[in-house]
Peer 1: 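Quick one: the structure is below, and I'll ask about it shortly.
All of these numbers come straight from a predicted model, not from anything done at the bench. Reminder, nothing fancy here: chain letters follow the sequence lines and each chain counts from 1.
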Amino acid sequence: MSRYTSNTGPDRDAMLEAIGARSIEELFEDIPEDLRLGRPLDLPDGRSETEVYDRLSELASRNAHAEGEVSFLGAGMYDHYVPAVVDALTSRSEFLTPYTPYQPEVSQGGLQAMFEFQTAMSELTGLPVSNAALYEGPSAVASAAYLAIGATGRKKLVASRGLHPHSRETMVTYSAGFGSEVVEVGLEGGITDAAALAEAVDEETAAIFIQQPNFLGSVEEVEALAAVAKEKGAQVIVACDPVALSVLKSPGECGADVAVGEGQPLGNRLDYGGPSFGFFCATQEHIRRMPGRIAGEATDVDGRRGFALTLQTREQHIRREKATHNICTAQALNALAGIIHLSWLGKRGFVELGELLVRRTAYARERLGAVVGVEPLHDAPVVREFAVRLRASGGGRVDTATVLRLCAERGFAAGYPLGRDYPEYEDCVLVAVTERRSRRDIDGLADVLSEVLSMEEVEMRGQAQAPVPEQVAS
Amino acid sequence: MNPLGDGGSPPPTSAEEETPMQRDRARTIFERSVPGRRAGTLPAADVPETPLEDLIPAKLLRGRPAELPEVSEPEIVRHYTRISRRNFDLDRGFYPLGSCTMKHNPRVNERVAALPGHARLHPGQDPSRAQGALELMWLLQRSLAEIAGLPHVSLQPSAGSHGELAGLLLTRAYHVDRGERRTKVLTPDTAHGTNPATVTMAGYEVVKVASNDRGGVDLDDLRAKADEQTACLMLTNPNTLGLFDENIAEITSIVRDAGGTLYYDGANLNAIMGHTRPGDMGFDIVHFNLHKTFSQPHGGGGPGAGPIAVADRIEPFLPVPQVIRREPGEAAGAGGNGDGQIRYDLEYDRPRSIGRLRGFQGNFGVFVRAYAYILSLGGDGLTEASETAVLNANYLLARLREGRTGRYAPIAFDRRCMHEFVLSAAPAKQQLGVKTQDIAKRLLDYSFHPPTVYFPLLVDEAMMVEPTETEARETLDGFAEALDAILAEAEQDPEVARNAPYVTPVRRLDEVAANRKPVVRQLLDSAA
């Protein structure tokens with residue numbers, strides 16, 4: 001077994017002698033007798049490193065992953081290529097093994113990386129203030145709600161149904177503590193129903209929440225929605241895909257007060273959902289309400305440029321119950337991966353990535369749409385993801401899970417089923433495209449869908465003759 | 001281990017000569033940008049190169065590209081390697097940051113986390129095709145339940161503070177379910193700052209409980225404050241003084257009798273694994289810091305993970321989804337498989353659940369590392385890890401009771417400690433004119449990371465020292481000798497510590513000025 005300790009038996013004896021204790025048990029004397037476990041932990045015995053590797057490797061082998069199939073799964077996390085320099089640099093001990101930079105004199109590397117990260121995120125979102133990252137996307141959305149409630153003194157949160165279902169659910173969970181209420185606004189033609197939003201927003205509304213692009217992949221008209229909210233004095237929170245911001249107008253330019261989002265597409269692997277990072281950017285007005293760490297420039301006693309955690313009086317370790325948030329440990333290493341990836345892409349590469357995604361996604365939507373039984377759910381503009389409704393080739397309703405299983409058996413993760421989160425889209429899947437999915441992969445998916453949708457076993461039993469529902473927003 | 005630091009001789013006592021690293025002034029990646037340079041390449045376009053405006057209306061498109069740096073790959077590698085050297089890290093030296101459990105980060109954990117079956121597994125993958133991941137999560141849940149002495153686990157919270165929020169939202173749901181509206185949460189004056197901050201976020205009011213003269217909870221104060229408005233007591237045991245509260249059974253029963261829940265802040269779990277369990281002490285909810293106790297690298301401030309274990313009375317309210325195991329006998333209609341095999345699944349149908357706390361299933365990559373760590377050590381290894389952590393702390397404390405540290409920075413509560421202890425440099429301040437801050441900064445010159453300073457708040461000039469089990473005896477000796485040397489310098493000339501550090505990449509920073517006019521991003525020429 002691996003113990004990772006250094007002190008030998010003789011070391012222990014000498015140490016106990018220095019302490020003046022007869023045994024190690026004596027050091028645990030303060031634990032009352034009746035609270036002691038009094039038996040070994042019921043866990044397997046320790047194993048050697050090679051056995052641990054083999055066991056974990058065996059577990060990993062029972063997962064279908066993006067290296068072993070052609071994956072069009074997205075829904076908030078995307079199979080982008082993580083450049084080798086990201087792994088090489090983030091695995092350096094100097095970045096991997098320190099903790100929060102409470103001693104700035106010996107944490108300049110981490111602090112400078114945070115400052116660079118903040119600069120990049122501020123550029124992407126078009127908002128002047130960024131923090132050094134939160135846990136991940138949906139909890140960042142809930143944190144934006146907390147800021148908006150604090151800033152406005154209002155407690156009604158109006159969320160588009162295009163906001164990631166996990167973000168909406170997280171906001172509802174947190175609302176039990178915030179004393180807030182989440183009101184949902186539906187979609188029309190694949191984007192937020194502007195009229196319904198205008199109706200929902202009132203003088204009690206702390207903020208509206210729009211996702212860009214939204215969960216169905218559609219590009220929202222954020223500017224128009226923001227204007228509606230501002231009229232009523234509500235904050236505008238935009239949850240965005242950072243990679244889509246390579247080509248889309250920034251939330252800041254669209255009138256957002258806060259832009260948040262899931263940072264995974266920037267330099268972070270899928271990892272079955274985490275760790276990644278959440279980002280949080282805001283207008284200057286909110287700088288003292290921001291959650292989380294913020295690195296700032298500072299000068300040392302000799303006049304050298306340096307960096308330090310700044311505005312710490314917002315934070316829990318100083319402000320305690322009056323803190324702007326309870327967050328402490330967040331995702332510094334994941335944010336570092338983000339800034340390295342962005343530097344690697346660079347000013348031009350980032351735009352090229354966005355353009356490639358838009359074009360391949362447009363191609364994929366058209367190509368899949370030409371398959372009998374596949375119909376795009378809407379025709380709103382998209383960047384890297386779109387939803388399609390599935391039918392059997394003969395026109396009957398299909399069982400989505402069966403379709404996906406049959407595609408998987410043919411080496412394709414065809415998409416993310418929408419049914420759990422959107423009962424109205426029970427027969428729809430979300431298809432995501434990254435730079436790793438070539439035209440050939442897309443053509444392959446079209447062929448597999450064509451084959452699978454013509455199979456008898458995909459049809460919903462007893463509903464084969466059901467009429468095709470009306471088209472949506474053509 | 002040379003007690004005098006990397007240089008082999010005492011570090012300079014003044015800043016007369018700039019070190020090479022100090023001469024290398026900070027330049028950001030943006031300042032290294034040269035138009036036209038690039039690193040990354042992308043696959044060639046294999047689909048029609050339709051103008052973007054034909055696919056997305058121009059009014060929705062960005063007017064100008066984001067001002068990202070233009071740098072070549074070699075320059076990126078140089079830049080981040082260079083700035084990385086401006087960090088002190090655990091692999092370089094002793095990092096006794098109290099409450100943070102800076103133990104060795106086993107590299108096999110990194111290797112198994114990077115396996116494509118883990119690293120490239122999409123969180124939206126159908127559970128039937130992610131059985132290895134779900135089994136791993138289920139096994140980790142079982143392991144954590146055993147260590148905590150509480151039967152049910154949710155891995156979802158992203159860090160300790162997120163686990164705390166989960167705990168108070170569970171508390172709220174529990175009381176609401178019983179038709180009660182309680183408004184107050186008790187926290188001892190030794191609590192981590194995250195505790196009171198969480199109380200506010202969860203919509204409760206903080207009620208502070210005093211400490212007694214042995215560093216434990218003042219029982220009379222607790223009795224006076226625990227009432228029908230008490231929703232919960234948040235406590236860590238051993239507490240932030242590194243002391244195990246001998247009255248813990250009484251404490252939990254007072255709160256339980258008042259109708260409150262008991263929340264255990266697991267930041268200090270490294271002291272007690274295999275010896276006692278929060279569940280057995282009477283707690284209802286525990287969070288784990290997988291980045292502390294279970295060796296996930298701290299990453300310069302994350303990632304971590306903050307799973308929670310709970311008692312039966314809290315279980316119905318756990319977040320969704322829950323990782324569950326379906327036994328072979330379960331009928332297919334009930335979600336079972338009916339084919340005689342064990343299956344793991346994500347369970348969403350939990351009507352009394354508080355709901356989701358974040359996206360997808362949690363920080364899975366951290367779970368892989370934590371599980372690899374538990375497998376490596378086994379039950380007896382974890383027990384021994386706690387023993388060695390406590391041994392190392394008491395040994396270091398014994399060394400520091402001697403000589404100048406004993407005189408100028410004595411232990412705050414004169415007892416044996418668990419895995420960490422708190423010194424008070426108040427005598428150093430009074431007699432030598434050297435504060436905790438100065439000692440901490442001088443330690444940097446000696447190539448040691450300082451302890452946690454000025455926490456817990458009830459100790460004047462506090463220094464909170466947590467050596468962890470992975471440190472060798474000679475490292476602890478070296479640290480003790482460095483502290484003694486620093487105080488010896490201070491006896492001669494307090495200015496040495498007051499102006500320290502001298503050899504770090506930058507010296508003391510003017511944080512007051514930085515706060516007054518915060519510069520939190522680089523201003524770029526073409527920025528709007």
Side-chain angles (χ1 to χ4, degrees), chain A residues 2 6 15 30 41 43 45-46 56 59-60 62-67 73 89 93-94 97-100 105-106 108-110 119 122-123 135 138-139 166 169 173 177 269 271-275 297-298 300 306 316-317 320-321 323 326 329-333 344-347 349 363 381 416 439, chain B residues 38-40 46-47 56 66 68 80 83-84 86-91 112 115-117 119-124 129 132 158-159 161 193 196-198 202-203 206 244 297-304 355-356 358-360 363-365 376 378-379 381 395 472 504 506-507 509 514 519 521-522:
Chain A
S2 306
S6 310
M15 292 165 81
D30 284 345
L41 283 171
L43 294 172
D45 290 339
L56 272 292
L59 285 166
R62 285 190 280 120
N63 298 322
H65 54 86
E67 204 134 313
L73 289 168
L89 293 168
S93 291
E94 296 91 335
T97 71
Y99 208 5
T100 308
E105 298 87 348
V106 291
Q108 286 298 298
T119 302
S122 172
E123 267 298 299
Y135 309 130
S139 59
H166 296 172
E169 289 168 29
T173 304
R269 52 204 201 191
D271 275 339
Y272 199 44
E297 261 188 333
D300 85 353
Q316 46 78 26
H317 62 282
R320 299 178 74 84
E321 65 267 26
N326 71 339
T329 294
Q331 312 288 136
L333 193 70
W344 183 83
L345 285 166
K347 181 177 176 179
Y363 174 80
Y416 184 86
R439 175 180 187 150
Chain B
R38 64 182 299 161
D46 52 2
V47 294
I56 298 174
L68 294 175
Y80 286 104
I83 71 168
S84 80
R86 296 163 86 87
N87 276 352
F88 182 91
D89 65 282
L90 176 60
D91 287 354
V112 294
L115 290 167
R120 292 193 64 196
L121 176 58
H122 192 282
R129 311 186 69 238
S158 313
S161 53
T198 303
V206 175
F244 193 92
H298 286 67
R356 234 179 214 293
R358 52 161 290 159
F360 295 107
N363 282 343
F364 177 77
S376 297
Y395 174 73
T504 49
V506 295
R507 299 184 57 221
L509 293 153
V519 177
R521 63 155 289 177
Q522 177 135 29

Peer 1: Taking atom types as modelled and ignoring hydrogens, do the side chains of A:S139 and B:R358 form a donor-acceptor contact shorter than 3.5 angstrom?
Peer 2: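 Side chains of A:S139 and B:R358: no pair found under 3.5 Å.
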
Peer 1: Who among A:R269, A:Q331, A:R320 has the most heavy-atom pairs with chain B under 4.5 Å?
Peer 2: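 Most pairs with chain B among the choices: A:R320.
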
Peer 1: I need the residue from A:A64, A:G346, A:A298 with the largest number of non-hydrogen atom pairs under 4.5 Å to chain B.
Peer 2: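 Greatest number of close heavy-atom pairs with chain B: A:A64.
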
Peer 1: Heavy atoms only, distances under 4.5 angstrom: which of B:L115, B:L90, B:N363 has the most pairs with chain A? Name it, please.
Peer 2: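 Counting heavy-atom pairs under 4.5 Å, the top option is B:N363.
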
Peer 1: Quick one: CD on A:E321 to CD on A:Q316, what's the gap to the nearest 0.5 Å?
Peer 2: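 Separation between the atoms: 12.0 Å.
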
Peer 1: With a 4.5 angstrom heavy-atom cut-off, is it the side chain or the backbone of A:Y99 that approaches chain B, or both, or neither?
Peer 2: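 For A:Y99, heavy atoms of backbone and side chain both lie under 4.5 Å from chain B.
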
Peer 1: So which residue, A:L89, A:L43, A:D271, ends up with the most heavy-atom pairs under 4.5 Å with chain B?
Peer 2: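 Of A:L89, A:L43, A:D271, A:D271 has the most heavy-atom pairs under 4.5 Å with chain B.
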
Peer 1: What residue in A:S122, A:A330, A:P381 has the most heavy-atom pairs under 4.5 Å with chain B?
Peer 2: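 Greatest number of close heavy-atom pairs with chain B: A:A330.
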
Peer 1: Out of B:G300, B:A39, B:A202, B:A159, which one racks up the most heavy-atom pairs below 4.5 Å with chain A?
Peer 2: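 Winner by heavy-atom pair count: B:G300.
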
Peer 1: Can you tell whether the side chains of B:R86 and A:E94 come within less than 4.0 Å, N to carboxylate O?
Peer 2: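 Salt bridge: no.
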
Peer 1: Can A:T173 and B:R356 be counted as having a side-chain donor-acceptor contact under 3.5 angstrom?
Peer 2: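 Looking only at side-chain atoms, B:R356 and A:T173 do not form any donor-acceptor pair under 3.5 Å.
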
Peer 1: If you tally heavy-atom pairs under 4.5 Å against chain A, which of B:S84, B:A66, B:P297 wins?
Peer 2: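 Looking at each of B:S84, B:A66, B:P297 in turn, B:S84 comes out on top.
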
Peer 1: Taking B:D91 for its side chain and A:S93 for its backbone only, find out whether a donor-acceptor pair lies under 3.5 Å.
Peer 2: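 Here the side-chain-to-backbone pair does not exist.
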
Peer 1: So do the side chains of A:Y363 and B:D46 get within less than 4.5 Å of each other, counting heavy atoms only?
Peer 2: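 Not touching, per the 4.5 Å side-chain cut-off.
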
Peer 1: Test side chain to side chain donor-acceptor pair (under 3.5 Å) on A:T329 and A:Y135 and set out the steps.
Peer 2: CA-CA 8 Å; A:T329 294; A:Y135 309 130; over 6 Å; no

Peer 1: Based on non-hydrogen pairs under 4.5 Å, which of A:G274, A:P98, A:G109 is most in contact with chain B?
Peer 2: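 Most heavy-atom pairs within the cutoff with chain B belong to A:P98.
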
Peer 1: Among the options A:R62, A:E169, A:H166, pick out the one with the most heavy-atom pairs lying under 4.5 Å from chain B.
Peer 2: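 The answer is A:H166.
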
Peer 1: Could you pull out the closest heavy-atom pair between B:A197 and A:A323, with the gap in Å?
Peer 2: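 Closest approach of B:A197 to A:A323: CB-CB, 4.0 Å.
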
Peer 1: Picking from B:V47, B:L121, B:T504, which has the most non-hydrogen pairs under 4.5 angstrom with chain A?
Peer 2: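 Ranked by contacts with chain A, first place is B:L121.
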
Peer 1: Would you mind checking which part of A:L56 comes under 4.5 Å of any heavy atom in chain B, side chain (CB onward), backbone (N, CA, C, O), both or neither?
Peer 2: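 It is both, since atoms from each part get that close.
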
Peer 1: Begin from the C-alpha positions of A:Q108 and B:L509 and carry the test side-chain contact (heavy atoms from CB on, under 4.5 Å) through to its verdict.
Peer 2: CA-CA 11 Å; A:Q108 286 298 298; B:L509 293 153; 3.8 Å; yes

Peer 1: Tell me, side chain or backbone of B:V206 under 4.5 Å from chain A's heavy atoms, or both, or neither?
Peer 2: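 Just its side chain gets close to chain A.
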
Peer 1: Examine whether an atom of A:A66 lies under 4.5 Å from a heavy atom of chain B, and if so say whether it belongs to the side chain, the backbone or both; otherwise answer neither.
Peer 2: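 When you check distances to chain B, atoms from both the backbone and side chain of A:A66 fall under 4.5 Å.
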
Peer 1: Sort out for me which of B:G359, B:A514, B:G203, B:G355 touches chain A most, counting heavy-atom pairs under 4.5 Å.
Peer 2: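 Most heavy-atom pairs under 4.5 Å with chain A: B:G359.
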
Peer 1: Taking the six-membered ring for Trp and the full ring for Phe, Tyr or His, determine whether the centres of A:Y272 and B:H122 are under 6.0 Å apart.
Peer 2: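 Aromatic pair excluded; centres sit 6.0 Å or further apart.
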
